[in-house]
Amino acid sequence: MQTLWVFALALQELAGPAAETAESATDVISLVTRTGLIEQLVLALLVLFSVVSWGIVAYKTWAFRKADAQTRQFLDVFRRSSKFSEVQAVCRSLGESPLVGLFQAGYGELNAQLRGTGDKPAAGAPRPTLKSLEAVDRALLRASGTELAKLEERVGFLATTASITPFIGLFGTVWGIMTAFQAIGAVGSSNLAVVAPGIASALIATAAGLFAAIPAVYFYNHFTGKVRGFAAAMEDFSLEFLNISERNFT
């Protein structure tokens with residue numbers, strides 16, 4: 001009997017945390033259901049912001065990983081190839097790398113000026129010359145701006161979420177507190193048991209706003225750092241491309 005009693009106590013201890021978690025979840029749901037229409041609309045809007053933000057986070061994480069991997073592959077091909085035409089042949093399969101857009105812009109400008117293949121000349125072959133190295137530089141700059149815009153696409157929504165959702169949540173809280181005080185006035189009692197449920201329900205909106213904003217701030221900063229890294233890589237590649245062009249075609 002003593003063994004059974006000890007076993008029962010152990011089961012009760014194990015079930016305690018799970019029961020508390022379930023009770024806590026039930027309390028949150030009950031707080032949400034007690035909110036008014038305006039507060040529920042605010043919560044729905046915050047949930048929408050949060051869902052869209054997490055979708056952007058998942059997409060941009062995948063896109064940046066793919067771009068990073070393809071950038072390493074492209075640089076390896078570019079530095080091992082003796083002709084620009086060989087690099088051009090692999091560009092289609094590595095299109096997620098921002099360096100591909102830069103290379104194609106520079107390669108196209110070279111072809112337009114040289115009216116040839118744009119290859120690095122072989123030893124002993126006639127040496128073609130560029131009409132304007134500055135034009136190649138401008139083509140690379142334009143392509144760099146285009147690629148940066150692609151990398152930054154949708155990231156701005158995270159900044160919007162981070163800045164606006166706390167205020168939306170605060171609006172819901174203020175509205176809920178106003179409603180709670182009106183209910184207190186109607187009841188005519190300031191007892192804590194009367195005041196607490198309405199205030200707690202109102203504060204749910206602030207918590208939801210922070211829940212949407214905090215991850216958005218983190219991932220916005222994270223993705224902005226990634227974009228800066230790609231921008232530095234594009235600047236280095238542009239200089240490398242210009243050096244090769246100047247060395248072989250001027």
Side-chain angles (χ1 to χ4, degrees), residues 21-72 74 93-102 142-180 197-234:
T21 303
E23 184 179 354
S24 176
T26 304
D27 289 343
V28 172
I29 293 172
S30 65
L31 287 175
V32 172
T33 55
R34 279 202 299 266
T35 57
L37 177 61
I38 298 297
E39 297 98 298
Q40 289 180 359
L41 290 175
V42 167
L43 290 173
L45 183 60
L46 292 173
V47 168
L48 179 62
F49 268 100
S50 184
V51 169
V52 174
S53 296
W54 280 109
I56 291 172
V57 166
Y59 170 73
K60 296 303 287 187
T61 299
W62 170 81
F64 281 146
R65 284 180 180 174
K66 193 171 183 181
D68 198 27
Q70 292 193 7
T71 294
R72 289 194 296 269
F74 175 79
S93 62
L94 300 175
E96 298 299 324
S97 171
L99 300 190
V100 168
L102 265 70
R142 287 194 301 271
S144 178
T146 301
E147 294 300 323
L148 277 176
K150 290 179 183 177
L151 291 169
E152 292 171 345
E153 190 178 10
R154 298 186 178 92
V155 174
F157 185 84
L158 297 178
T160 301
T161 299
S163 61
I164 200 173
T165 50
F167 293 103
I168 294 175
L170 183 60
F171 168 76
T173 295
V174 171
W175 191 276
I177 290 174
M178 289 169 54
T179 304
I199 302 299
S201 297
L203 291 173
I204 286 290
T206 297
L210 294 175
F211 179 80
I214 292 171
V217 171
Y218 171 80
F219 283 106
Y220 174 76
N221 292 331
H222 174 69
F223 292 144
T224 300
K226 286 283 189 181
V227 171
R228 284 198 297 266
F230 281 116
M234 285 189 284

Would you confirm whether Lys226, through its side chain, and Thr61, through its main-chain N or O, come within 3.5 Å as a donor-acceptor pair?
-> no
Nearest heavy-atom contact between Ala162 and Ala213 is O-CB, 3.8 Å
Which word best sums up how the rings of Phe219 and His222 line up, parallel for under 30°, tilted for 30 to 60°, or perpendicular for over 60°?
-> perpendicular
Smallest heavy-atom separation, Thr71 atom then Ser97 atom, equals OG1-OG, 2.8 Å
One should read off an interatomic distance between Thr173 OG1 and Glu39 CD, to the nearest 0.5 angstrom, of 9.0 Å
Test item: Ser50 side-chain N/O and Leu46 main-chain N/O as donor-acceptor pair under 3.5 Å = no
Thr161 and Ala212 have their tightest heavy-atom pair at CG2-O, 3.7 Å
Under the 3.5 angstrom rule, does the side chain of Lys60 hit a backbone N or O of Leu151 as a donor-acceptor pair?
-> yes
Kindly give the heavy-atom pair with the smallest separation between Val42 and Ile168, and that separation in Å.
-> CG1-O, 3.4 Å
Side chain to side chain, Thr165 and Phe211, heavy atoms closer than 4.5 Å | no
Which atom pair, heavy atoms only, marks the closest approach of Ala143 to Gly101?
-> CB-O, 3.8 Å
Ionic contact status for Glu147 with Lys150, cut-off 4.0 Å | yes
Asp68 side chain to Phe64 main-chain N or O, any donor-acceptor pair under 3.5 Å?
-> no
Mutual orientation of the aromatic rings belonging to Phe49 and Phe157 [parallel < 30°, tilted 30-60°, perpendicular > 60°] = parallel
Check for a donor-acceptor pair, side chain of Glu96 on one end and backbone N or O of Lys66 on the other, with a separation under 3.5 Å.
-> no
Within 6.0 Å of OH in Tyr220, more than 12 heavy atoms from elsewhere | no
To the nearest 0.5 Å, tell me how far Ile56 CD1 sits from Glu153 CD.
-> 10.0 Å
